[in-house]
Novice: 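Handing you this structure, nothing more for now.
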Amino acid sequence: MIFKKEQLSEIIGQLHEDDVIVFPTDTVYGIGANIHSPIALNKIFEVKNRPTDKSLIILCANVMQMEEIVGPLDQQVKVLVDNFLPGGLTLILNTKLELADEITRGKSTIGLRIPNHPVALELLEKVGPLATTSANISGEPSPTMIETSNPVISRVKFVIDDGETMEKVPSTILDCTQSEIVILRQGAISEEEIKKVLKNKVRCIILKKSSILSYQRKGWCLR
């Protein structure tokens with residue numbers, strides 16, 4: 001069922017831990033599930049026809065939620081968070097919390113983001129971090145608005161419609177698990193912006209297409 005943003009409190013009151021929800025972010029519409037519910041996590045893959053070897057990212061409301069998952073942030077990650085989050089930047093970090101295999105697919109890393117959208121932030125503050133990916137059939141374009149022609153919409157009990165998203169492009173994805181930051185996908189935040197805030201203290205590497213495909217085969221979330 002499609003709800004308006006004004007009904008968010010009503011939705012949260014009805015939302016069960018095993019439910020999934022489609023909601024707006026600053027970049028694209030996402031589909032989210034409780035990070036502790038294997039039932040909800042598997043629903044994401046079923047609803048999207050998503051290959052089960054692909055991992056998910058986690059959206060958080062704030063730095064506190066991020067650190068509950070990955071531990072204290074190091075200095076260069078703090079710089080990125082302070083400058084770009086909430087916003088269109090996903091950070092791949094080493095996880096400290098034992099996460100469900102449906103999220104990590106056996107990896108010791110996780111993608112985290114704080115979305116710059118009031119509906120998403122309120123939802124995440126009240127229900128906690130959500131494992132997410134874009135709310136589209138796997139292989140189709142990421143949705144920037146709710147359209148009834150999108151099969152995902154008819155398969156989900158809770159859908160929040162807040163019109164067209166602001167950025168209309170997916171987030172930029174950075175691998176921050178190495179000494180050199182790797183740009184896995186260019187998106188809402190540009191390479192130039194990233195290099196500017198890091199003041200060239202950390203080298204940014206943009207992967208070639210062949211290398212990105214290698215990361216995808218390993219299950220990195222490049223939605």
Side-chain angles (χ1 to χ4, degrees), residues 5 8-9 11-45 47-48 50 54-74 77-78 80-82 84-135 156-160 162 165 170-177 188 219-223:
K5 64 178 181 180
L8 182 58
S9 294
I11 296 170
I12 291 172
Q14 299 178 41
L15 195 64
H16 187 272
E17 65 176 13
D18 293 334
D19 289 325
V20 296
I21 183 168
V22 169
F23 60 98
T25 75
D26 44 336
T27 55
V28 299
Y29 274 81
I31 178 170
N34 186 311
I35 64 173
H36 302 295
S37 170
I39 292 175
L41 293 168
N42 279 310
K43 282 181 182 177
I44 288 182
F45 290 87
V47 166
K48 280 179 57 81
R50 182 175 173 84
K54 287 191 174 183
S55 54
L56 301 171
I57 72 165
I58 295 178
L59 293 188
C60 299
N62 48 52
V63 172
M64 184 182 299
Q65 287 186 357
M66 290 180 67
E67 292 189 329
E68 288 174 356
I69 296 168
V70 299
L73 304 179
D74 67 31
V77 172
K78 285 181 180 178
L80 293 167
V81 170
D82 290 344
F84 299 121
L85 295 180
L89 186 68
T90 298
L91 303 173
I92 304 294
L93 302 169
N94 292 308
T95 180
K96 303 297 182 184
L97 183 67
E98 186 174 344
L99 296 167
D101 185 61
E102 289 84 358
I103 299 175
T104 64
R105 295 306 176 192
K107 298 189 302 299
S108 61
T109 57
I110 187 64
L112 297 179
R113 186 166 89 86
I114 302 175
N116 188 20
H117 194 288
V119 173
L121 289 173
E122 183 177 351
L123 175 65
L124 295 164
E125 286 170 0
K126 292 184 176 178
V127 305
L130 293 175
T132 66
T133 181
S134 51
V156 175
K157 183 178 179 181
F158 298 102
V159 176
I160 305 173
D162 189 35
T165 59
S171 63
T172 295
I173 301 178
L174 297 185
D175 177 4
C176 299
T177 64
W220 287 67
C221 181
L222 298 175
R223 69 176 181 83

Novice: Using modelled atom types and a 3.5 Å cut-off, is there a donor and acceptor pairing between side-chain atoms of R50 and backbone atoms of T133?
Specialist: no
Novice: In chain order, what residues pass the salt bridge (Lys or Arg N to Asp or Glu O under 4.0 Å) check against D18, with sequence neighbours excluded?
Specialist: none
Novice: Taking salt bridge (Lys or Arg N to Asp or Glu O under 4.0 Å) as the definition, give me every residue that meets it alongside E122, ordered by chain and number, with sequence neighbours left out.
Specialist: K126
Novice: Name all residues meeting the salt bridge (Lys or Arg N to Asp or Glu O under 4.0 Å) criterion together with K5; count only those two or more places apart in sequence or in a different chain, and write none if there are none.
Specialist: D162
Novice: Would you confirm whether N42, through its side chain, and P38, through its main-chain N or O, come within 3.5 Å as a donor-acceptor pair?
Specialist: yes
Novice: Who pairs with T95 by side chain to side chain contact (heavy atoms under 4.5 Å, CB included), at least two apart in sequence or on another chain?
Specialist: I69, L97, L99, I110
Novice: Can you list the steps and then say if F45 with L56 is a side chain to side chain contact (heavy atoms under 4.5 Å, CB included)?
Specialist: CA-CA 10 Å; F45 290 87; L56 301 171; 3.9 Å; yes
Novice: Report the residues that fulfil side chain to side chain donor-acceptor pair (under 3.5 Å) with D26, sequence neighbours left out, ordered by chain and then residue number.
Specialist: R113
Novice: By side chain to side chain contact (heavy atoms under 4.5 Å, CB included), which residues pair with D82, not counting sequence neighbours?
Specialist: none
Novice: Taking only residues two or more places apart in sequence, or in another chain, which ones meet K78 in a side chain to side chain contact (heavy atoms under 4.5 Å, CB included)?
Specialist: L73, Q75
Novice: Report the C-alpha distance between L174 and I92 in whole Å, list the side-chain angles of each, state the deciding distance to 0.1 Å, and finish with yes or no for side chain to side chain contact (heavy atoms under 4.5 Å, CB included).
Specialist: CA-CA 6 Å; L174 297 185; I92 304 294; over 6 Å; no
Novice: Output, in order, the C-alpha distance, side-chain angles, deciding distance and verdict of side chain to side chain contact (heavy atoms under 4.5 Å, CB included) for L130 and F23.
Specialist: CA-CA 11 Å; L130 293 175; F23 60 98; 4.0 Å; yes
Novice: Only counting residues at least two apart or in another chain, list the ones meeting side chain to side chain contact (heavy atoms under 4.5 Å, CB included) with A40.
Specialist: V20, A33, S37
Novice: Hey, are T90 and S171 close enough side-chain-wise for a donor-acceptor pair under 3.5 Å?
Specialist: yes
Novice: What is the distance from atom CD of E68 to atom CD1 of I35, rounded to the nearest 0.5 Å?
Specialist: 8.5 Å
Novice: Mind checking side chain to side chain donor-acceptor pair (under 3.5 Å) for Q14 and listing every partner two or more places apart, or none if nothing turns up?
Specialist: E10
Novice: Would a distance-only check, ignoring hydrogens and angles, find a side-chain to backbone donor-acceptor pair under 3.5 Å from E17 to I39?
Specialist: no
